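Note that the structure is a prediction, hence the values are computed from the model and not measured.
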Amino acid sequence: MLMAFFRHNERENMQDISKEKIDFIVKTDGLLRDYIETVVLKSIKDTMQDDPFSKMSSNHIRAALMIANIAPCSLKEFATAMRLSKASASALVNRMVKAGTVQREINQDNRREVILCVSPAFEDHINYVHAELMEWFETVTKQLGPETFAKWYEAMISLNAVLQKKIKSDISF
């Protein structure tokens, strides 16, 4: 009886620890995303006065980077990746098509489906923003140290595989 009590408490403690760790990960992810959107991307945009896409909002830049990362993708896949409703994703894509950053193409395998990709005109802009983000992340990872960075990298490889599978399938979050 006493052993059953300890096993039950041990399971509860493991669940609590897991929930606390998950909560911490969610909060840290939000902190990282918010910092990148409000500080890092703003700083990058401030250096791009002559760029025709420099007036884009942080949300549009993030959306374009997402499309570049998962392209070619459907509107549904884009909405899932961005954590948006299909209607919100569609409105965002419409604005991005008008701005010349995104292209829509009919899927040759399923003519009812539209495929999204980044426009060639926007490719240089994305490459510049990506290079600047890489530079910023390099400074952060140096502060983490090589051992922590290696663990983070391994975790991100696994997370990327899971997310790519979820984005490309009908599995909802």
(Q) Strictly by ring pair (Phe, Tyr, Trp, His ring centres under 6.0 Å), give each pair with a member in residues 87-117 just once, sequence neighbours left out. (A) none
Q: Considering non-hydrogen atoms only, spot the tightest contact between Ala79 and Ser85 and give its length.
A: CB-O, 4.0 Å
Q. Can you name the nearest heavy-atom pair linking Val102 to Met96, along with the distance?
A. CG2-CE, 3.1 Å
(Q) Please tell me whether Tyr128 and Thr47 have a donor and an acceptor in their side chains that are separated by less than 3.5 angstrom. (A) yes
Q. Does any N or O in the side chain of Thr141 come within less than 3.5 Å of the main-chain N or O of Glu138, such that one atom is a donor and the other an acceptor?
A. yes
Q. Do Leu116 and Val93 come close enough that some side-chain heavy atom pair is under 4.5 Å?
A. yes
Q) Got a second to check how far Gln164's CD is from Leu159's CG, nearest 0.5 Å? A) 10.0 Å
Q: Give a yes or no on whether the backbone of Trp136 and the side-chain of Thr139 come within a donor-acceptor separation of less than 3.5 Å.
A: yes
Q | Lys19 backbone acceptor or donor facing Asp23 side chain under 3.5 Å | A | no
Q.
Quick check: closest heavy atoms across Cys73 and Phe78, and the distance to 0.1 Å?
A. SG-CB, 4.2 Å
Q: To the nearest 0.5 Å, tell me how far Phe122 CZ sits from His60 NE2.
A: 10.0 Å
Q: Please tell me if the side chains of Asn59 and Met82 come closer than 4.5 Å, counting only heavy atoms from C-beta onward.
A: yes
Q) What's the spacing between Leu84 CG and Met66 CE if we round to 0.5 Å? A) 9.5 Å
Q: May I ask you to test the Lys27-Leu31 pair for a side-chain heavy-atom distance under 4.5 Å?
A: no
(Q) Looking at every heavy atom in both Glu77 and Ile70, which two are closest together, and how far apart are they? (A) O-CD1, 4.1 Å
Q: Treat each ILVMFWY residue as a node, draw an edge where side-chain heavy atoms are under 4.5 Å apart, and state whether Ile67 and Ile115 are in one component.
A: no
Q) Are Leu163 and Ile25 in one and the same hydrophobic cluster, where Ile, Leu, Val, Met, Phe, Trp and Tyr link if side-chain heavy atoms are under 4.5 Å apart? A) no
**Q.** Minimum-distance pair of heavy atoms, taken over all atoms of Val118 and Ala64
**A.** CG2-O, 3.7 Å
Q: Could you tell me the separation between the CZ atom of Phe137 and the CG atom of Leu32, rounded to the nearest 0.5 Å?
A: 4.5 Å
**Q.** From CG (Asn127) to NE2 (His130), nearest 0.5 Å
**A.** 8.0 Å
Q | For Cys117 against Glu105, the heavy-atom pair lying closest together | A | SG-OE2, 3.7 Å
(Q) Can a donor-acceptor pair be found, under 3.5 Å and without considering hydrogens, that links the side chain of Thr80 to the backbone of Lys76? (A) yes
Q | Check: Val39 main-chain N/O paired with Ser43 side-chain donor or acceptor under 3.5 Å | A | no
(Q) Main chain of Lys86, side chain of Ser90: is a donor-acceptor contact present, judged purely on distance under 3.5 Å? (A) no
Q) Is there a side chain to side chain contact (heavy atoms under 4.5 Å, CB included) between Glu20 and Phe24 once you walk through the steps? A) CA-CA 6 Å; Glu20 287 174 14; Phe24 181 79; over 6 Å; no
Q) Under a 4.0 Å N-O cut-off, is there an ion pair linking Arg33 with Asp29? A) yes
Q.
I'd like to check Arg112 versus Asn107 (side-chain heavy atoms, cut-off strictly below 4.5 Å). Are they in contact?
A. no
